[in-house]
Amino acid sequence: MPILQLPNHLINQIAAGEVVERPASVVKELVENSLDAGAQSISIDIVAAGQKLIRVRDDGGGIPKDEMPLALSRHATSKITSLDDLEAVVSLGFRGEALPSIASVSRLTLTARTVDADSAWQLEVVDGVLGDLCPAAHPIGCTVEIHDLFFNTPARRKFLRTERTEFGHIDKWLRRLALARADVAFSVSHNGRSVMELAAAKDQHARLERIGKICGEALASQAVYLERETQGVALSGWIGLPTFNRSQPDLQFWFVNGRSITDRTLSHAVRHAFRDVLFHGRYPAYVLHLTMDPASVDANAHPAKHEIRFREGRRVHGIVSQAVEFALQDTKPGGHDINPVPGAALERKIFRQSSMPLSRHGGGASVREALTAYRTLAGNERPRANEEAQAYPPLGLAIAQLGGVYILAENTDGLIVVDMHAAHERITYEKLKIAFDREDVVSQPLLVPVSIAVSDKEAALAESASPVFSRLGLSIDRNGPTSLVIREIPALLKQADAESLVRDVLSDLALDGRSHRIEQSSHEILSTMACHHSIRANRSLTIAEMNALLREMEVTDRADQCNHGRPTWTAISMTDFDRLFLRGQ
């Protein structure tokens, strides 16, 4: 066949194969256009999961009459004008392909009015052919109606799923966009039935309420706010407590400069921060916004703009991981006002301040020896009524031991129940980590050096990264073009498989230039040591020892959960007791 120039209509339909994957893709592109136009309220009406009708109406800036035909032309946009704009994209859309691609596979009607126009104007497109502009009644803003999607490409329609499945994809994207722009009101209906009504959220409390409506009240009641800025990168949002975790990553939302994306670098950074507070195989929940220089982000890495690339991915990974880890340090009694057990009320009155001294003891002190100042509280001495708010620390004062497993304590709000083994395990583990991190990694020579076969690329990497291996406590020599000899490993990992350890570290270094394998493996051993050296069940404690343990919890990072992700304490308020015993009814 001779080389021919493709007609514009066919070009648009080919582009539609990338842009318009399914009805949800159309909804996403239209709503993003509304957000770029400065809309404060967006209404979305869907019929038959978008196959019969998709209507998106907004109160944004609208489109001038003389620009409406141009808006439906290929590669026409008001969002970029030069290569510099493309390299620092600040809008959600920028290619100028969405409207003409959608119009090529549907019957499209565009109605718009600008603030300085006397009336609105309407333009219809059928099978890619533009009609005539005609006046219409419409408030300031824009409405795009898509009828009979894929009517002229029946093969595409055959690949659509059931109405329920397709609307599920639409709903997923609308929820993501509603989380990305909490300051915008959203109204969604399907087949004439309202499915989502979200008012504009102007403050932090309202944004958390929107998270509750979209992701569930369970997450909203178990989320702590995070806000941190460093090195020109700002991170904000909510992370679920480690005790609120999922079997799959279905409640993980990332927004970079307002764009909803999926990114392995960011997901791994959060995963790393949660590494020793979650059950194995469980996933954290979060809604996080990352704001940074647009020139440092490549938003043009995916045809549907689902993915991005960072210019300095390693730096972003470190900043995000440290920020989340810093926030998790405050998941301890008094560090926040949330009961660390799913299903707790959204607001809890747990006092953060205490007039009693909080002692920080070194790793060698046992619970029995710690905080002797609290032995004076071993009897029935209680704070006087006018001193209660000041005298009770966050976890209160111990009153009894239940079943040899739980410590019962009283604070201003009611009853505190503490799992003494889980709590002491976290305390011991944090002390061991601090002691381990303060010292250089001690290496231990192998009695018989281990020789391993690797690729020439891995051998060269090991040779060039010799200082990195030394800092990790590994001594490795290159013994040939494709051979390495392991001579020393960290003393704490003397029982580990040296060959597997080195191969894993090499894999990490090849992937992102650094490795956390030694730290991760060491912390796993420290966690096991902490478990074996913690208070066991059925051990009788004195009131002074119980109080000592409670005070240690209040000054220990991540004390809301043990090393395995289980909650260490919960609270039962006087209101809960009154409800249980029907008091006041």
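Predicted, not measured: the structure shown is a model, and the values here were computed from it. What you see below is based on every heavy atom in this structure, not just the backbone, and it leaves out hydrogens, waters and symmetry mates.
- Between R275 and E325 there is a salt bridge, with a side-chain nitrogen of the basic residue lying less than 4.0 Å from a carboxylate oxygen of the acidic one.
- Of all heavy-atom pairs between G396 and A409, the closest is C-CB, 4.4 Å.
- Residues V270 and S321 have side chains not in contact (no heavy-atom distance under 4.5 Å, counting atoms from C-beta outward).
- A donor-acceptor distance shorter than 3.5 angstrom exists from the side chain of E166 to the backbone of R161, with no hydrogens or angles considered.
- S507 contributes no side-chain N or O that, together with a main-chain N or O of R503, makes up a donor-acceptor pair within less than 3.5 Å.
- Across all their heavy atoms, A200 and A185 have their closest contact at N-CB, 3.8 Å.
- Atom CD of Q561 sits about 10.0 Å away from atom CG of N245, to the nearest 0.5 Å.
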- Message: Pair L402, M420 - check side chain to side chain contact (heavy atoms under 4.5 Å, CB included), show working.
- Response: CA-CA 10 Å; L402 179 64; M420 64 184 194; over 6 Å; no
inquiry  = Under the criterion side chain to side chain donor-acceptor pair (under 3.5 Å), I'd like the reasoning laid out for D576 against S573: C-alpha separation, chi angles, the key distance, then a yes or no.
reply    = CA-CA 5 Å; D576 295 332; S573 69; 3.2 Å; yes
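- A 6.0 Å sphere centred on OH of Y225 holds more than 12 heavy atoms belonging to other residues, nucleotides or ligands.
- The minimum heavy-atom distance between Q401 and S540, with the atom names listed, is OE1-CA, 3.6 Å.
- Contact detail for A498 and I486: the closest heavy-atom pair is O-CD1, 3.6 Å.
- Considering every non-hydrogen atom in both F186 and L177, the closest pair reads CZ-O, 4.0 Å.
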Going through the distances and angles, do V320 and W254 end up as a side chain to side chain contact (heavy atoms under 4.5 Å, CB included)? CA-CA 12 Å; V320 170; W254 269 110; 3.7 Å; yes
> Is there a side chain to side chain contact (heavy atoms under 4.5 Å, CB included) between W173 and H169 once you walk through the steps?
Replying inline: CA-CA 6 Å; W173 269 112; H169 288 287; 5.6 Å; no
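- One finds the OG1 atom of T230 at 5.5 Å from the CD1 atom of I319 (value rounded to the nearest 0.5 Å).
- Counting all heavy atoms, side chain and backbone alike, P445 lies closest to E488 at CA-CG, 3.7 Å.
- Atom CZ of R264 has 12 or fewer neighbouring heavy atoms from other residues, nucleotides or ligands inside a 6.0 Å radius.
- Within the 4.5 Å cutoff, the side chain of S267 has heavy atoms near those of the Y286 side chain.
- In this structure, CD1 in I399 is found 9.5 Å from CG in L397, a value given to the nearest 0.5 Å.
- Taken from CD1 in I407 to CG in L395, the straight-line distance is 9.5 Å, to the nearest 0.5 Å.
- If you take CZ on F274 and CG on L241, they are separated by 8.0 Å, rounding to the nearest 0.5 Å.
- The shortest side-chain heavy-atom distance between W238 and L226 does not fall under the 4.5 Å cut-off.
- The closest side-chain heavy-atom distance from L235 to V324 is below 4.5 Å.
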- Can you list the steps and then say if K332 with E430 is a salt bridge (Lys or Arg N to Asp or Glu O under 4.0 Å)? CA-CA 12 Å; K332 58 186 177 184; E430 291 297 327; over 6 Å; no
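- To the nearest 0.5 Å, the span separating CG on L549 from NE2 on H421 amounts to 12.0 Å.
- Classification of the H272-H317 ring pair by plane angle, with boundaries at 30° and 60°, yields tilted.
- Under the 3.5 Å distance criterion, the side-chain polar atoms of R566 are left unmatched by any main-chain donor or acceptor of D419.
- When side chains are defined from C-beta on, I239 does not count as touching P284, because their heavy atoms never get closer than 4.5 Å.
- Proximity of a side-chain donor or acceptor of E554 to a complementary backbone N or O of G334 within less than 3.5 Å is not detected.
- Not a single donor-acceptor pair under 3.5 Å links the side chain of D171 to the backbone N or O of F167.
- Under the 3.5 Å distance criterion, the side-chain polar atoms of S475 are left unmatched by any main-chain donor or acceptor of R487.
- Between L266 and I261 the shortest side-chain heavy-atom distance falls below 4.5 Å.
- In terms of modelled atom types and a separation under 3.5 Å, the side chain of D263 and the main chain of R309 share no donor-acceptor contact.
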Exercise for the section: Check the pair V316 / L290 against side chain to side chain contact (heavy atoms under 4.5 Å, CB included), numbers first and verdict last. Expected result: CA-CA 10 Å; V316 173; L290 190 71; 4.0 Å; yes
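- Contact annotation: the side chain of R558 approaches that of D276 to within less than 4.5 Å [non-hydrogen atoms, C-beta and beyond].
- A donor-acceptor pair under 3.5 Å is absent between the side-chain atoms of N411 and the main chain of Y392, judged by distance alone.
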Open item on the list: One pair to check against side chain to side chain donor-acceptor pair (under 3.5 Å): D560 and H336. What are the steps and the verdict?
Closed with: CA-CA 10 Å; D560 278 356; H336 54 81; 2.4 Å; yes
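- Formation of a donor-acceptor pair under 3.5 Å by the T428 side chain with backbone atoms of E425 is not found in this model.
- For the pair M196 and R175, the minimum side-chain heavy-atom distance is below 4.5 Å.
- In this structure, D578 contributes its side chain and R583 its backbone to no donor-acceptor pair below 3.5 Å.
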